[in-house]
Structure formats: C-alpha cells, structure tokens
Student: 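Sending over a structure as structure tokens; questions will come in a sec.
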Amino acid sequence: MEGTWSPWTYHNDKDELVGFDVEIGRYIADYLGVEAKFVEGEWDGLFAGLDSGMYDMIVNGVDETPERSEKYDFSDPYAYIHTVLVVRKDNKKIKSFKDLKGRITANSIGSTYMELAEKYGATVKGVDSLGETMTMVISKRADATLNAEPSVLDYMKEQPDAPIKIVASTKDANHVCIPIRKGDQNASFRAEVNKALAAMREDGTLTKLSEKYFGSDITNP
C-alpha cells in the first residue's frame, strides 16, 4: 500500500500506519491465521512488487479493470467508488471530463485516474500522494485532477479552506478489489481472501470500517 492516500492508507498524528485498507488487510491476515506485514511504496511500484513476489497482494483501493484482469486475479469487490474531477474554485473552463482535452492533470502514474484523464486528451503529470496532487491543482501547475470521490471529500473536510471544487463525477462506480498474482498456485489463496471479505460483510465489519473512515457506506453497489 502507499501509506499516503487518506483515508485508505495513511499516517496519523502519531505516525502510525492507519486507514480503511490497513484494517481490511489486518482482518484478512487474522482470518488466515497469519501476521500482516504492511509494506509502503509509491503507486507505480506496487504492481512491480507483486510481480516479483515481494508482496502477496495489494490492498490500496485498487480498481479492477479489464487490462489489469488480464495480468492479475482479483478478489471479490469490497468497495465501490466513483471518480470525480477536481479543479480550482476559480476555474470556469473545465466543467466536464470532455473539457480535459489539451489540459494538464496531476495523477499517480499507472492509475486508473491517469488512464481516464489521457482518454479524454489530457497530459498527465505524475505525483506520489493526494496532498501533492491537490497542491499542484491549487498552485496552477495542473489544471485538474481525477481521484476517488471518498478521498477527495475527505481532503476537503480536512482542508475546508482549500480553493478546489468537484465539477464532474463518473456515472458508474469502480469496483475496488485486491489484486493477486495469476496462477493455479494462488487459487486457494484468492478463495480464502474472498472468504475473509465475505465474513467481514456478513458480520458488519465492512460497513463499520467504511462509516469510520469515509462517513458513509461505500461497500455496497
């Protein structure tokens, strides 16, 4: 996980690694009877670590996409999120995703947000954290950014004076899942991860964690 993407994975005032996905990962490990080892890294290196066998899975608000599904197996969805388009409050030129053509966005390299921005004709500048993303938009080094709606709303709650606004949202919600290396050797592991997620859903843990970190239940479509 990244450890810089509140409220999914981040550090609190005591510099402790916390967040929605941290607790998801810890629950899964407990369910499997093992101890969770959390490794933090920049987004564009997470999948490389999974490929090399450094990590068993990525728990970092990962969207399942057709392209990713060709290379990785995914758990069942445990959250559903919309992508929102964010600009400075004084920006009157960008009102929809179609207005991104020829503009500059700030996004993590290799993220679904980067891919969507490029789909609409934007040039993407790479960033390492949500805070850096918003700073680039506020300072006009980027015209806009695309990100998960819960993360943006959390940022706006924590930074109420930040001169940013949401101008558009995707119609369909992305499915947040856990990517695991493909292969029959990992089939039983994936099955057990799905059992853990099902147990979390059944006993109400998913809903409780979502309300704790996002202020609403994003665990149902």
Student: To check you understand the geometry: which heavy-atom pair defines the closest contact between Ser108 and Ser111, and what is its length?
Tutor: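 Taking Ser108 first and Ser111 second, the nearest heavy atoms are O-OG, 2.7 Å.
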
Student: Side chains of Thr145 and Asn147 only: does a donor on one sit below 3.5 Å from an acceptor on the other?
Tutor: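 Side-chain D/A pair, Thr145 to Asn147: absent.
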
Student: Would you check if Asp154 and Tyr213 make a side-chain contact, meaning some heavy-atom pair closer than 4.5 Å?
Tutor: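 Not in contact.
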
Student: List for me each residue that meets ring-ring contact (aromatic ring centres under 6.0 Å, His included) alongside Tyr31, sequence neighbours excluded, and say none if there are none.
Tutor: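 Testing Tyr31 for ring-ring contact (aromatic ring centres under 6.0 Å, His included), a comparison that skips the adjacent residues, returns none.
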
Student: What is the distance from atom OG1 of Thr9 to atom CG of Leu17, rounded to the nearest 0.5 Å?
Tutor: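 Going from OG1 on Thr9 over to CG on Leu17, the span is 6.5 Å.
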
Student: Using the test side chain to side chain donor-acceptor pair (under 3.5 Å), find all partners of Ser151 that sit at least two apart in sequence or belong to another chain.
Tutor: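 Side chain to side chain donor-acceptor pair (under 3.5 Å) list for Ser151, sorted by chain: Trp5, Trp8.
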
Student: Just to verify, what does Glu2 make a salt bridge (Lys or Arg N to Asp or Glu O under 4.0 Å) with, not counting sequence neighbours?
Tutor: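 For Glu2 there are no salt bridge (Lys or Arg N to Asp or Glu O under 4.0 Å) partners, ignoring immediate neighbours.
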
Student: What is the distance from atom CG of Leu85 to atom CD of Glu149, rounded to the nearest 0.5 Å?
Tutor: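 One finds 12.5 Å between CG of Leu85 and CD of Glu149.
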
Student: Please confirm whether the backbone N or O of Gly131 pairs with a side-chain atom of Thr135, one donor and one acceptor, at under 3.5 Å?
Tutor: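 Here the side-chain-to-backbone pair exists.
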
Student: So do the side chains of Val39 and Met54 get within less than 4.5 Å of each other, counting heavy atoms only?
Tutor: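 The answer is no, as the side chains (C-beta and beyond) never meet within the 4.5 Å cut-off.
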
Student: Phe38 versus Arg26: any side-chain heavy-atom pair under 4.5 Å?
Tutor: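 A side-chain contact under 4.5 Å exists here.
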
Student: Find out whether Thr4 and Asp128 are in side-chain contact, i.e. whether some heavy atom of one side chain is under 4.5 Å from a heavy atom of the other.
Tutor: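 Result no, sub-4.5 Å side-chain heavy-atom pair not found.
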
Student: Are Met57 and Leu46 in one and the same hydrophobic cluster, where Ile, Leu, Val, Met, Phe, Trp and Tyr link if side-chain heavy atoms are under 4.5 Å apart?
Tutor: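 No: no chain of side-chain contacts under 4.5 Å links Met57 to Leu46.
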
Student: Table please: side-chain donor-acceptor pairs of residues 156-168 below 3.5 Å, with sequence neighbours left out.
Tutor:
residue	atom	partner	partner atom	Å
Lys165	NZ	Lys89	O	3.2
Lys165	NZ	Asn91	O	3.1

Student: Please name all residues satisfying side chain to side chain donor-acceptor pair (under 3.5 Å) with Tyr78, sequence neighbours left out, ordered by chain then number.
Tutor: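 Expected list: Asp21.
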
Student: In terms of hydrophobic clusters joined by side-chain contacts under 4.5 Å, are Leu130 and Tyr10 together?
Tutor: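 Same cluster: Leu130 reaches Tyr10 through Ile, Leu, Val, Met, Phe, Trp or Tyr contacts under 4.5 Å.
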
Student: Sequence neighbours left out, what passes side chain to side chain contact (heavy atoms under 4.5 Å, CB included) with Asp15? Give chain and number order.
Tutor: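 In terms of side chain to side chain contact (heavy atoms under 4.5 Å, CB included), with neighbours along the sequence ignored, Asp15 is linked to His11.
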
Student: For residues 59-71, which residue pairs qualify under salt bridge (charged side-chain N to carboxylate O under 4.0 Å, His left out), counting only residues two or more places apart or in two chains?
Tutor: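 Pairs touching residues 59-71 that pass the test: Asp51-Lys71.
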
Student: Decide whether Val152 and Ile138 are clustered together by the hydrophobic rule: side chain heavy atoms of Ile, Leu, Val, Met, Phe, Trp, Tyr closer than 4.5 Å, transitively.
Tutor: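 The answer is yes; both residues are in one hydrophobic cluster.
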
Student: May I ask you to list the residues sharing a hydrophobic cluster with Val124, side-chain cutoff 4.5 Å, ordered by chain and number?
Tutor: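 Its cluster partners, ordered by chain and number, are Ile109, Met114.
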
Student: Is there a side-chain contact between Asn107 and Glu115, using heavy atoms and a 4.5 Å cut-off?
Tutor: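 In short, these two side chains do not touch, never coming nearer than 4.5 Å.
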
Student: I'd like to know if Tyr55 and Tyr27 are part of one continuous hydrophobic network [Ile/Leu/Val/Met/Phe/Trp/Tyr, side-chain heavy atoms within less than 4.5 Å].
Tutor: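 Unlinked, Tyr27 and Tyr55 end up in two clusters.
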
Student: Apply side chain to side chain contact (heavy atoms under 4.5 Å, CB included) to residues Leu100 and Asp143 and explain how you reach the verdict.
Tutor: CA-CA 8 Å; Leu100 289 175; Asp143 299 303; over 6 Å; no

Student: With rounding to the nearest 0.5 angstrom, report the NZ to NZ distance, Lys95 to Lys98.
Tutor: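 If we round to the nearest 0.5 Å, Lys95:NZ and Lys98:NZ are 14.5 Å apart.
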
Student: Let me confirm one number: the OH-CG distance from Tyr72 to Leu50, rounded to the nearest 0.5 Å.
Tutor: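 The CG atom of Leu50 is 5.5 Å from OH of Tyr72, to the nearest 0.5 Å.
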
Student: How would you list all residue pairs meeting salt bridge (charged side-chain N to carboxylate O under 4.0 Å, His left out) that involve residues 193-209, not counting sequence neighbours?
Tutor: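 Output for this query lists Glu192-Lys195.
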
Student: Does any non-hydrogen side-chain atom of Thr219 lie less than 4.5 Å from one of Met200?
Tutor: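 Met200 does not reach Thr219 side chain to side chain.
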
Student: Could you check whether Thr170 and Asp172, counting side-chain N and O atoms only, form a donor-acceptor pair closer than 3.5 Å?
Tutor: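 Judged by distance alone, the side chains do not pair up.
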
Student: Taking all heavy atoms of Glu132 and all of Gly126, pick out the closest pair and write down the distance.
Tutor: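 Closest pair (atom of Glu132, atom of Gly126, distance): OE2-O, 4.4 Å.
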
Student: Are any of the side-chain heavy atoms of Phe74 and Ile178 separated by less than 4.5 Å?
Tutor: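 Not touching, per the 4.5 Å side-chain cut-off.
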
Student: What are the two closest non-hydrogen atoms of Ala36 and Gly25, and how far apart are they?
Tutor: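 Scanning both residues completely, I find the closest heavy atoms to be CB-O, 4.3 Å.
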
Student: Taking Asn194 for the side chain and Ser75 for the main chain, is one N or O donor matched with an acceptor at less than 3.5 Å?
Tutor: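 The answer is no, because no donor-acceptor pair under 3.5 Å joins these two groups.
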
Student: Looking at Ala148 and Ile81, what are the two nearest heavy atoms and their distance?
Tutor: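 The answer is CB-CD1, 3.6 Å.
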
Student: Could you tell me which residues satisfy side chain to side chain donor-acceptor pair (under 3.5 Å) with Ser129, sequence neighbours excluded, listed by chain and number?
Tutor: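 If we apply the side chain to side chain donor-acceptor pair (under 3.5 Å) test to Ser129, skipping adjacent residues, there are no hits.
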
Student: Under a 4.5 Å cut-off applied to non-hydrogen side-chain atoms, are Val59 and Met1 in contact?
Tutor: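 The answer is yes; the side chains approach within 4.5 Å.
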
Student: Taking atom CD of Glu35 as the centre, report whether more than 12 heavy atoms of other residues, nucleotides or ligands fall under 6.0 Å from it.
Tutor: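 No, because the 6.0 Å sphere around CD of Glu35 holds 12 heavy atoms or fewer from other groups.
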
Student: Checking Phe97 now: which residues fulfil ring-ring contact (aromatic ring centres under 6.0 Å, His included) with it, not counting sequence neighbours?
Tutor: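 Per chain and number, Phe97 pairs via ring-ring contact (aromatic ring centres under 6.0 Å, His included) with Tyr120.
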
Student: Suppose we screen for side chain to side chain donor-acceptor pair (under 3.5 Å). Which residues come up paired with Arg190, at least two apart in sequence or across chains?
Tutor: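 Checked Arg190 against side chain to side chain donor-acceptor pair (under 3.5 Å); zero matches.
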
Student: State, without any angle test, whether Asn174 and Thr83 hold a side-chain donor-acceptor pair at a distance under 3.5 Å.
Tutor: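 Yes, because at least one side-chain N or O of Asn174 sits under 3.5 Å from a partner of the opposite role on Thr83.
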
Student: Verify the cluster assignment for Tyr113 and Met134: are they in a single hydrophobic cluster under the rule of side-chain heavy atoms below 4.5 Å apart?
Tutor: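 Same cluster: Tyr113 reaches Met134 through Ile, Leu, Val, Met, Phe, Trp or Tyr contacts under 4.5 Å.
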
Student: Measuring from Tyr80:OH to Cys177:SG, what's the distance to the nearest 0.5 Å?
Tutor: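 Going from OH on Tyr80 over to SG on Cys177, the span is 7.5 Å.
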
Student: Pair Asp56, Arg181 - check side chain to side chain contact (heavy atoms under 4.5 Å, CB included), show working.
Tutor: CA-CA 8 Å; Asp56 297 303; Arg181 286 187 299 279; 4.1 Å; yes

Student: Locate the shortest heavy-atom distance separating Leu206 from Leu197; write the atom from each residue and the value.
Tutor: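 Looking at all heavy atoms of both residues, the closest pair is CD1-O, 4.0 Å.
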
Student: State the CZ-OG distance between Phe214 and Ser6, to the nearest 0.5 angstrom.
Tutor: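 Here the rounded value is 8.5 Å.
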
